Amino acid sequence: QVQLVESGGGLVQPGGSLRLSCAASGTIFSISAMGWYRQAPGKDRELVANIMTTGGQNYANSVKGRFTISRDNAKNAVYLQMNSLKPEDTAVYYCNAHIRVNPSNPYDRDYWGKGTLVTVSS
């Protein structure tokens, strides 16, 4: 079975930086897209950023220019460098990956981590 484990969350002051990490482990045939979502209290979960196997990236407008997503295919890992953090960035951040676990099944499916809390406050 596949597990995604996030790390790197915590408390940071406005203007500060954090780097989130996520590593996938278990039975993995291949991984295509990987990304980060977040959910603030009382709000819907939203896409923060994702990155394709080919390197193509997507960012929420609210984080463009401040956050950078990257991945290490050899480690089945994805990272999110967050700079110039704002109080409105406060949320639980979830790692997401489209993973093919069985070579007999040509389609990927979504896997989710349990989340890591990021709190931006003075």
Side-chain angles (χ1 to χ4, degrees):
Q1 57 193 40
V2 174
Q3 292 184 335
L4 300 179
V5 180
E6 305 100 332
S7 63
L11 175 64
V12 65
Q13 293 182 317
S17 297
L18 286 174
R19 185 173 187 259
L20 304 184
S21 299
C22 172
S25 62
T27 302
I28 299 173
F29 180 74
S30 63
I31 301 177
S32 55
M34 302 188 78
W36 292 92
Y37 290 71
R38 68 186 181 187
Q39 188 166 24
K43 296 184 178 180
D44 294 332
R45 186 176 299 188
E46 65 174 350
L47 173 70
V48 178
N50 62 13
I51 182 168
M52 310 300 119
T53 302
T54 55
Q57 303 169 18
N58 297 288
Y59 293 90
N61 288 333
S62 60
V63 307
K64 287 181 179 178
R66 299 188 298 121
F67 292 9
T68 302
I69 191 169
S70 61
R71 64 189 291 175
D72 185 335
N73 292 331
K75 297 181 179 180
N76 291 329
V78 62
Y79 310 95
L80 186 69
Q81 179 66 46
M82 304 185 294
N83 298 326
S84 302
L85 283 161
K86 304 175 180 179
E88 51 263 44
D89 294 318
T90 296
V92 176
Y93 285 70
Y94 296 92
C95 180
N96 170 260
H98 295 282
I99 299 176
R100 184 180 180 183
V101 300
N102 189 333
S104 67
N105 188 339
Y107 300 106
D108 298 348
R109 75 173 191 178
D110 281 337
Y111 290 85
W112 294 89
K114 293 184 177 181
T116 184
L117 177 63
V118 172
T119 302
V120 184
S121 176
S122 61

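This is a predicted model, so every value here is computed, not measured.
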Participant: Can you give me every donor-acceptor pair (side chain of residues 17-32, partner residue at least two apart or in another chain, under 3.5 Å) with its distance?
Facilitator:
unit_1 : atom_1 : unit_2 : atom_2 : d
Ser17  : OG     : Asn83  : OD1    : 2.9
Ser32  : OG     : His98  : O      : 3.4
Ser32  : OG     : Asp108 : OD2    : 2.4

Participant: Considering all heavy atoms of both residues, which atom of Arg38 and which atom of Ala91 are nearest to each other, and what is their separation?
Facilitator: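 Heavy atoms of Arg38 and Ala91 come nearest at CB-CB, 3.8 Å.
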Participant: Within this structure, what is the NZ-CD distance for the pair Lys64 and Gln57, rounded to the nearest 0.5 Å?
Facilitator: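 The distance works out to 11.5 Å.
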Participant: Taking all heavy atoms of Met82 and all of Val118, pick out the closest pair and write down the distance.
Facilitator: CE-CG2, 3.9 Å
Participant: Could you list the cluster mates of Leu117? Members are the ILVMFWY residues connected by side-chain heavy atoms closer than 4.5 Å, either directly or through other members.
Facilitator: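 Its cluster mates, by chain and number, are Tyr37, Leu47, Val92, Tyr94, Trp112.
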Participant: Starting at CZ of Phe67, measure out to CG of Leu80 and round the result to the nearest 0.5 Å.
Facilitator: 6.0 Å
Participant: Just checking Asp44: does its CG atom have more than 12 heavy atoms from other residues, nucleotides or ligands closer to it than 6.0 angstrom?
Facilitator: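 Result for CG/Asp44: open.
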Participant: Main chain of Ile69, side chain of Tyr59: is a donor-acceptor contact present, judged purely on distance under 3.5 Å?
Facilitator: yes
Participant: Would you compute the distance between atom CZ of Arg66 and atom CG of Leu85 and round it to the nearest 0.5 angstrom?
Facilitator: 6.5 Å
Participant: When you compare the side chains of Gln81 and Tyr79, does any donor N or O come within less than 3.5 Å of an acceptor on the partner?
Facilitator: no
Participant: Establish, from distance only, whether the side-chain atoms of Arg109 and Tyr111 form a donor-acceptor pair under 3.5 Å.
Facilitator: yes
Participant: Between atom CE of Met34 and atom SG of Cys95, what is the distance when rounded to the nearest 0.5 Å?
Facilitator: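 Result: 5.0 Å between the selected atoms.
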Participant: Is the closest side-chain heavy-atom distance between Gln1 and Val101 below 4.5 Å?
Facilitator: no
Participant: Counting only N and O atoms by type, is there a donor-acceptor contact under 3.5 Å from the side chain of Thr90 to the main-chain atoms of Val120?
Facilitator: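 A pair under 3.5 Å: yes.
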Participant: Would you find a donor on one side and an acceptor on the other, under 3.5 Å apart, between the side chain of Glu6 and the backbone of Gly115?
Facilitator: yes
Participant: To the nearest 0.5 angstrom, please state how far the CG atom of Asp89 sits from the OG atom of Ser121.
Facilitator: 12.5 Å
Participant: How many angstroms lie between atom CG of Asn50 and atom CG of Asn58, to the nearest 0.5 angstrom?
Facilitator: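 Asn50 atom CG to Asn58 atom CG measures 4.5 Å (nearest 0.5 Å).
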